[in-house]
Amino acid sequence: MLDERGMWRVTPPCVPRVVADIDCGNNSIRLLVATWDPELDGLRDVVREMRVVRLGEGLEVSGRISSAALQRTFAALEEYAPAMRDAGVGAVRFVATSATRDAANRAEFVAGVAERLGVTPEVISGDEEAALSFAGAVSSPAVAAIARAPRLVVDIGGGSTEFVLGDTSPAASASVDIGCVRLAERRLFSDPPTAAELAAVAADADAAIALAGQAVPLRSAASLIGLAGTVTTVAAIALGLAEYDAEVLHGARIAADDVHRVAADLAAMTLAERLAMPVMHPGRADVIVSGALILSRIVEAVGVAEVVV
């Protein structure tokens with residue numbers, strides 16, 4: 001079937017030159033296609049795409065991925081497939097996280113992915129998600145050069161947040177069920193949010209951070225590395241960027257006071273005001289308040305002076 005559609009071979013070469021990864025979380029689905037570059041002695045990006053599909057929409061209440069969320073996700077995959085084919089991808093890894101871990105109908109999601117891409121998504125555990133996040137962060141020379149060990153890597157997602165502490169490999173990790181989508185749906189109903197709603201988000205975040213702290217000695221971290229869209233959006237606002245620029249953001253250092261300031265400013269805005277911000281992705285505007293508040297509470301709990309992006 002894949003041959004007939006002109007797509008990648010089911011049995012790739014032993015060492016594929018071009019590889020692809022798809023990361024599917026509660027809020028977004030990301031595609032990275034990379035190729036081996038002898039001059040770099042490593043991988044070079046060929047395609048980098050992101051779509052906000054809100055796979056975890058309503059999941060906490062229903063326990064299921066909604067039909068609308070499945071269709072949004074499958075539509076994104078139907079856009080990704082030709083990009084992967086055109087790049088000559090020889091091997092694909094598809095990783096799914098919090099939303100599919102929690103969903104009663106995850107088999108429907110798995111089948112839909114397989115039908116469109118010919119690969120079976122790996123529904124990974126919170127521990128494996130934490131380990132992959134850590135590996136991705138500390139393998140970056142731009143980050144490793146400025147983030148002193150022991151490093152605490154924090155990945156704020158839509159449905160879960162991972163905490164991983166280590167030098168060059170994880171020494172302790174925890175995954176807790178707080179994320180920008182989960183807490184926005186659970187606690188934020190007003191526009192702009194009320195003080196009571198914001199306090200409820202902060203209380204949920206603090207409880208989850210304390211739970212993570214039972215497995216990970218947060219205060220022993222010499223540096224805090226933040227991953228994913230909430231962190232990069234807060235950083236872009238803190239830096240006053242006129243447009244979102246991943247190259248500027250990667251390896252940036254954002255002072256703790258700026259994190260707290262941006263979180264407070266976002267919480268005071270209406271949805272329309274957040275949507276009007278030049279660095280705000282439209283699919284993130286309704287959940288950035290909860291995400292930024294989670295980040296602010298983590299920075300406070302860890303007691304660091306800055307976040308490395």
Side-chain angles (χ1 to χ4, degrees), residues 6-9 12-25 27-53 73 75-97 113 116-119 121-122 124 128-129 131-147 151 153-158 162 168 225-236 239 241-254 279-281 283-284 307-309:
M7 299 169 77
W8 44 90
R9 288 163 288 182
C14 294
V15 185
R17 184 169 295 276
V18 184
V19 294
D21 174 70
I22 296 175
D23 171 13
C24 186
N27 197 44
S28 63
I29 185 165
R30 299 170 182 267
L31 167 67
L32 174 63
V33 177
T35 187
W36 180 260
D37 188 328
E39 293 185 7
L40 293 176
D41 192 30
L43 292 170
R44 172 174 54 81
D45 291 3
V46 176
V47 178
R48 190 180 276 270
E49 297 283 350
M50 188 270 282
R51 303 283 186 274
V52 172
V53 296
T73 304
L77 294 181
E78 286 163 5
E79 293 181 19
Y80 288 171
M84 294 159 68
R85 182 188 61 233
D86 292 347
V89 166
V92 184
R93 186 181 190 190
F94 190 117
V95 170
T97 57
V113 172
R116 287 160 178 83
L117 296 184
V119 295
E122 299 174 50
I124 61 172
E128 185 172 1
E129 184 177 0
L132 289 171
S133 296
F134 187 89
V138 303
S139 67
S140 165
V143 171
I146 58 175
R151 305 173 176 108
V153 174
V154 173
D155 182 355
I156 301 173
E162 283 66 48
T168 57
I225 303 170
L227 309 183
T230 288
V231 174
T232 56
T233 302
V234 169
L239 294 172
L241 299 187
E243 60 182 9
Y244 188 93
D245 189 329
E247 290 189 11
V248 171
L249 292 168
H250 183 63
R253 304 161 85 161
I254 308 301
V279 297
M280 186 68 64
H281 190 288
R284 198 170 299 284
V307 178
V308 177
V309 182

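We count residues from 1, following the sequence as given. Not measured: the values here are computed from a predicted model.
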Open item on the list: Tell me the closest heavy-atom pair linking Val113 and Val119, and the distance in Å.
Closed with: CG1-O, 3.8 Å

- [ ] For Arg93, check salt bridge (charged side-chain N to carboxylate O under 4.0 Å, His left out) against everything at least two apart and list the hits.
- [x] Glu122, Glu128

TODO: Can you sort out the partners of Arg44 under side chain to side chain donor-acceptor pair (under 3.5 Å), two or more places apart, ordered by chain and number?
DONE: Asp37

- [ ] Go through the structure and list residues passing side chain to side chain donor-acceptor pair (under 3.5 Å) with Thr73, not counting sequence neighbours.
- [x] none

Open item on the list: Which heavy atom of Gly229 sits nearest to which heavy atom of Thr233, and what is that distance?
Closed with: O-OG1, 2.7 Å

TODO: Starting at CZ of Arg17, measure out to CG of Leu43 and round the result to the nearest 0.5 Å.
DONE: 11.0 Å

- [ ] Decide yes or no for Glu49 and Glu79: does some side-chain heavy atom of the first lie under 4.5 Å from some side-chain heavy atom of the second?
- [x] no

Task: Contacts of type side chain to side chain donor-acceptor pair (under 3.5 Å), residue Glu162, not counting sequence neighbours - done: Ser160, Ser175

Open item on the list: A side-chain contact here means heavy atoms from C-beta on lying under 4.5 Å apart; do Asp23 and Leu32 qualify?
Closed with: no

Got a list of side-chain donor-acceptor pairs under 3.5 Å for residues 136-147, not counting sequence neighbours?
| from | atom 1 | to | atom 2 | distance (Å) |
| --- | --- | --- | --- | --- |
| Ser139 | OG | Ala135 | O | 2.9 |
| Ser139 | OG | Gly136 | O | 3.2 |
| Ser140 | OG | Ala142 | N | 3.4 |
| Ser140 | OG | Val143 | N | 3.4 |
| Ser140 | OG | His250 | NE2 | 2.8 |

Task: For the student: nearest non-hydrogen atoms of Ala236 and Leu249, plus distance - done: N-CD2, 3.6 Å

TODO: Could you pull out the closest heavy-atom pair between Leu241 and Val279, with the gap in Å?
DONE: O-CG1, 3.4 Å

Open item on the list: As an exercise, state the distance from CD1 of Ile225 to CZ of Phe134, rounded to the nearest 0.5 Å.
Closed with: 7.0 Å

Open item on the list: For Arg284, give me all partners under side chain to side chain donor-acceptor pair (under 3.5 Å), at least two apart in sequence or on another chain.
Closed with: none

- [ ] Could you tell me whether a side-chain N or O of Tyr80 sits under 3.5 Å from a main-chain N or O of Ile22, the two making a donor and an acceptor?
- [x] no

Task: Nearest heavy-atom neighbours spanning Asp155 and Ala228 - done: OD1-CB, 3.6 Å

TODO: Look at the side chain of Thr97 and the backbone N and O of Cys24, then say whether any donor-acceptor pair between them is shorter than 3.5 Å.
DONE: yes

TODO: Starting from the C-alpha separation in whole Å, work towards a yes-or-no answer on side-chain contact (heavy atoms from CB on, under 4.5 Å) for Ile29 and Leu77.
DONE: CA-CA 9 Å; Ile29 185 165; Leu77 294 181; 3.6 Å; yes

TODO: Measure across Ala87 and Val46 and return the closest heavy-atom pair with its distance rounded to 0.1 Å.
DONE: CB-CG1, 4.4 Å

